[in-house]
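Basis for what follows: all heavy atoms, side chains included, without hydrogens, waters or symmetry-related copies.
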Amino acid sequence: MKHVLTLLTALLLAPLAALHSADSSAKKPNILFILTDDEGLSDVGCYGSDRFKGKTPNVDALAATGVRFTHGFAPPLCCPSRTTLNTGRYLFRNGALSNTSPHIPSAKDEPSLARTLKQAGYVTGMAGKWRQMRDTPGEWGFDEWLTDPSGTGWFWEKSYVKNGQTIETPEPVYCPDVCMDFTLDFLRRHREQPFYFYFPTHLVHGQIHRTPDSKPDTKKFYNDDIAYADKQVGQIVAELDKLGLRENTLIVFSGDNGSVHPDKINGRMIDGHKHTLLEGGSRVPLIANWKGTTPAGQVLNDLVDFSDFFATFAELAGAKMPEGVTFDSHSFAPQLRGERGTPREWVFVQLGAEWYVREQSFKLMHNGELFDMSDAPFAQKAVPAESASADAKAARVRLQAVLDQLSPATGKTDSAAPKKGKGGKGKQNAKTETK
């Protein structure tokens with residue numbers, strides 16, 4: 001009789017054990033998004049940077065053990081890129097066409113990534129640069145947040161804002177360290193629940209200052225800032241390891257736009273810089289690392305743009321996308337799990353009153369100019385309208401159909417456009433070839 005009761009007990013408990021196992025395997029991943037400021041492709045060692053080869057070891061390690069995307073694209077300016085990632089919508093929809101656009105949206109008028117994840121059971125936090133976005137991080141859905149009143153660099157200062165309260169300090173503190181302390185404390189306190197943490201560091205936005213690690217006699221503060229940003233990546237990863245959270249945490253690293261100080265990649269100068277619609281302005285480093293899930297050392301040429309973080313994170317979190325909203329976001333969650341997925345066929349990038357749509361091989365500007373991108377990110381080759389190339393003709397038709405469907409000109413507009421020589425033409429002509 002005793003053996004029969006034991007057997008019955010085992011049979012009754014087996015489904016519960018299986019259910020518990022299924023719940024554990026389906027546990028929602030933590031999401032940690034590290035966004036550096038003005039750090040372009042030529043500032044990161046694993047992207048072939050000549051200047052910083054071997055000098056960004058922590059970011060390079062994320063790439064070596066995760067997925068490195070070669071074709072990540074962002075609006076080439078701070079507020080537009082941040083608004084795009086937080087709303088999942090292009091600029092002509094959300095209104096943040098420049099840093100000073102009169103249409104920069106309120107949290108009341110746009111969907112919010114943090115708010116969406118919060119509704120799916122995530123605790124949300126952020127530390128770092130928030131302005132020029134309108135409203136507070138709290139109003140956009142962050143439970144805990146630390147920031148400042150500046151849209152530029154905020155380094156050696158005597159104040160910062162924590163959860164809406166201004167904190168004054170008697171002596172200047174290095175604010176990236178304050179942000180780091182806040183971040184690590186958040187991770188420790190919320191280790192037992194799914195979290196989304198957004199870490200938009202001020203590094204390496206100007207003005208460029210010394211870091212706590214700068215040597216007294218050095219003048220290479222830009223190099224020091226790059227190194228300090230990389231050091232902070234290492235600190236976050238080390239804490240996740242210490243807390244035993246790496247295998248359940250997706251770490252995403254990206255720059256918000258191109259570099260102010262473009263440099264050489266594998267011996268060739270990148271084409272363009274921040275505030276331009278050239279590759280050096282809008283093509284950014286993008287790395288995803290989810291230990292045990294992302295394929296280690298994979299390099300993907302899939303197109304990704306900044307609107308895509310919204311749908312990707314929502315899918316991973318099991319969150320419901322807000323209804324009644326037109327999204328531009330396209331999930332690349334399958335690629336993070338090592339699957340093929342359905343990569344984008346094109347990306348759209350805008351700044352002010354100018355824009356382009358780009359596929360792997362060609363790029364079509366708002367004014368009808370077509371470029372062959374086979375030598376990107378070092379040069380774009382102008383394709384004359386009368387070109388006899390069948391590939392170019394087909395690309396023009398495809399890309400024009402995308403622009404016709406998006407219809408950016410009928411959305412929110414303002415006069416803030418790239419300065420002469422900063423868009424698809426101008427100063428870049430020295431590097432433009434005619435096919």
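Between Trp355 and Phe348, the two ring planes are tilted [angle within 30° to 60°]. Relative orientation of the Phe155 and His202 rings is perpendicular, given thresholds of 30° and 60° on the angle between their planes.
Between Asp60 and Lys53 no salt bridge is recorded (no basic side-chain N to carboxylate O distance below 4.0 Å). Ion pair Lys274/Asp256 not flagged as a salt bridge, since none of the NZ, NE, NH1 or NH2 atoms sits closer than 4.0 Å to an Asp/Glu carboxylate oxygen. Using a 4.0 Å cut-off between charged nitrogen and carboxylate oxygen, Asp185 and Arg189 count as a salt-bridge pair. With salt bridges taken as basic N to acidic carboxylate O contacts below 4.0 Å, none links Asp224 and Arg210. A salt bridge does not link Glu359 with Arg344: every distance from a Lys NZ or Arg NE/NH1/NH2 to an Asp or Glu carboxylate oxygen is 4.0 Å or more. Salt-bridge formation is not detected for the pair Arg134/Asp109: no Lys NZ or Arg NE/NH1/NH2 atom is positioned less than 4.0 Å from an Asp or Glu carboxylate oxygen. Salt-bridge check for Arg337 with Glu315: passed, with a basic side-chain N closer than 4.0 Å to an acidic carboxylate O. Comment: Glu279 engages Arg358 in a salt bridge, judged by a side-chain N to carboxylate O separation of less than 4.0 angstrom. Taking the charged nitrogens against the carboxylate oxygens, Lys381 and Asp375 have no contact shorter than 4.0 Å, which rules out a salt bridge.
For the atom pair CG (Leu32) and CD1 (Ile251), the distance works out to 6.5 Å, reported to the nearest 0.5 Å. A distance of 15.0 Å separates OH of Tyr196 from NE2 of His190, quoted to the nearest 0.5 Å. Remark: Met180 CE to Cys175 SG distance equals 13.5 Å, nearest 0.5 Å.
No donor-acceptor pair closer than 3.5 Å links the side chain of Thr276 to the backbone N or O of Gly272. Using a distance-only test at 3.5 Å, with no hydrogens or angles considered, a donor-acceptor pair links the side chain of Asp50 to the main chain of Gly267. When atom types are taken as modelled, the side chain of Thr56 and the backbone of Gly45 share a donor-acceptor pair closer than 3.5 angstrom. Remark: the backbone N or O of Asp135 is paired with a side-chain donor or acceptor of Trp130 at under 3.5 angstrom. Side-chain atoms of Ser112 come within 3.5 Å of backbone atoms of Trp140 as a donor-acceptor pair (strictly under, hydrogens ignored). Ser42 places a side-chain N or O within 3.5 Å of a backbone atom of Asp263 that can act as its donor or acceptor partner. In this structure, Asn30 contributes its side chain and Phe195 its backbone to a donor-acceptor pair below 3.5 Å. A donor-acceptor pair is defined here as one N or O able to donate and one able to accept, closer than 3.5 Å; no such pair exists between the side chain of Arg268 and the backbone of Pro377. Looking at His103, its side chain does come within 3.5 Å of a backbone N or O of Thr413 through a donor-acceptor pair. With hydrogens and angles disregarded, no donor-acceptor distance shorter than 3.5 Å links the side chain of Glu39 to the backbone of Ile226.
Ser259 and Asp38 share no side-chain donor-acceptor pair at under 3.5 Å. For Asn257 and Ser282, the side-chain atoms include no donor-acceptor pair closer than 3.5 Å. Checked by atom type, the side-chain pair Ser389/Asp391 shows no donor-acceptor distance below 3.5 Å. For the residue pair Tyr222/Asp43, the side-chain donor-acceptor check at 3.5 Å is satisfied. No side-chain donor from either of Gln119 and Thr116 sits under 3.5 Å from a side-chain acceptor of the other. Between the side chains of Asp271 and Gln380, no donor N or O sits under 3.5 Å from an acceptor N or O. Looking only at atom types and distance, the side chain of Tyr47 has no donor-acceptor partner in the side chain of Asn266 under 3.5 Å away.
Partner Tyr90 forms a side chain to side chain donor-acceptor pair (under 3.5 Å) with one of Thr83, Asp305, Thr84, Asp328 and no other, that one being Asp305. For the ring-ring contact (aromatic ring centres under 6.0 Å, His included) test with Phe186, the passing option among Trp145, Phe197, Phe142 is Phe197; the others fail.
Ala96 and Ile104 get closest at one heavy-atom pair: CA-CG1, 4.2 Å. Minimum interatomic distance between Ala61 and Asn289 (heavy atoms only, all atoms of both residues): O-ND2, 4.3 Å. Closest heavy-atom contact between Arg283 and Ala376: NH1-CB, 3.8 Å. Across Val59 and Val44, no two heavy atoms sit closer than the pair CG1-CG1, 3.8 Å.
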- What do the steps show when you test Gln335 against Asp302 for side chain to side chain contact (heavy atoms under 4.5 Å, CB included), and what is the final call? CA-CA 9 Å; Gln335 289 94 310; Asp302 294 355; 3.2 Å; yes
- Task: Show your working on side chain to side chain contact (heavy atoms under 4.5 Å, CB included) between His366 and Gln350 and close with a plain yes or no.
- Result: CA-CA 9 Å; His366 64 287; Gln350 181 174 8; over 6 Å; no
- Task: Begin from the C-alpha positions of Arg188 and Glu239 and carry the test salt bridge (Lys or Arg N to Asp or Glu O under 4.0 Å) through to its verdict.
- Result: CA-CA 8 Å; Arg188 292 164 188 150; Glu239 188 64 28; 2.9 Å; yes
- Could you walk me through whether Phe371 and Val383 pass side chain to side chain contact (heavy atoms under 4.5 Å, CB included), step by step? CA-CA 5 Å; Phe371 292 95; Val383 180; 5.7 Å; no
- Query: Between Phe332 and Phe69, does a ring-ring contact (aromatic ring centres under 6.0 Å, His included) hold up when you go through it step by step?
  - Reply: CA-CA 11 Å; Phe332 57 93; Phe69 291 87; 5.4 Å; yes
- Quick one: do Glu110 and Arg89 satisfy side chain to side chain contact (heavy atoms under 4.5 Å, CB included)? Show the steps, please. CA-CA 9 Å; Glu110 286 289 323; Arg89 287 157 47 85; 2.6 Å; yes
- Evaluate the side-chain hydrogen bond (donor to acceptor under 3.5 Å, both in side chains) criterion for residues Ser98 and Ser101: first the C-alpha distance (whole Å), next the side-chain angles of each, then the deciding distance (0.1 Å), finally the verdict. CA-CA 5 Å; Ser98 71; Ser101 173; 4.9 Å; no
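Phe309 and Phe33 have their aromatic ring centers within a separation under 6.0 angstrom.
No side-chain heavy atom of Val284 sits under 4.5 Å from any side-chain heavy atom of Phe73. Contact annotation: the side chain of Pro76 approaches that of Leu277 to within less than 4.5 Å [non-hydrogen atoms, C-beta and beyond]. Side-chain contact between Ile34 and Val252 is absent, with no heavy atoms from C-beta onward closer than 4.5 Å. Residues Trp154 and Pro149 are in side-chain contact: their nearest non-hydrogen atoms beyond the backbone lie under 4.5 Å apart. Using a 4.5 Å heavy-atom cutoff, the side chains of Leu146 and Val178 are in contact. Looking at heavy atoms from C-beta onward, Val299 lies in side-chain contact with Thr70 at the 4.5 angstrom threshold.
No more than 12 heavy atoms of other residues, nucleotides or ligands lie within 6.0 Å of CD in Gln405, so this atom counts as exposed by the packing criterion. Annotation: Gln298, atom CD; neighbour count of heavy atoms from other residues, nucleotides and ligands within 6.0 Å is above 12.
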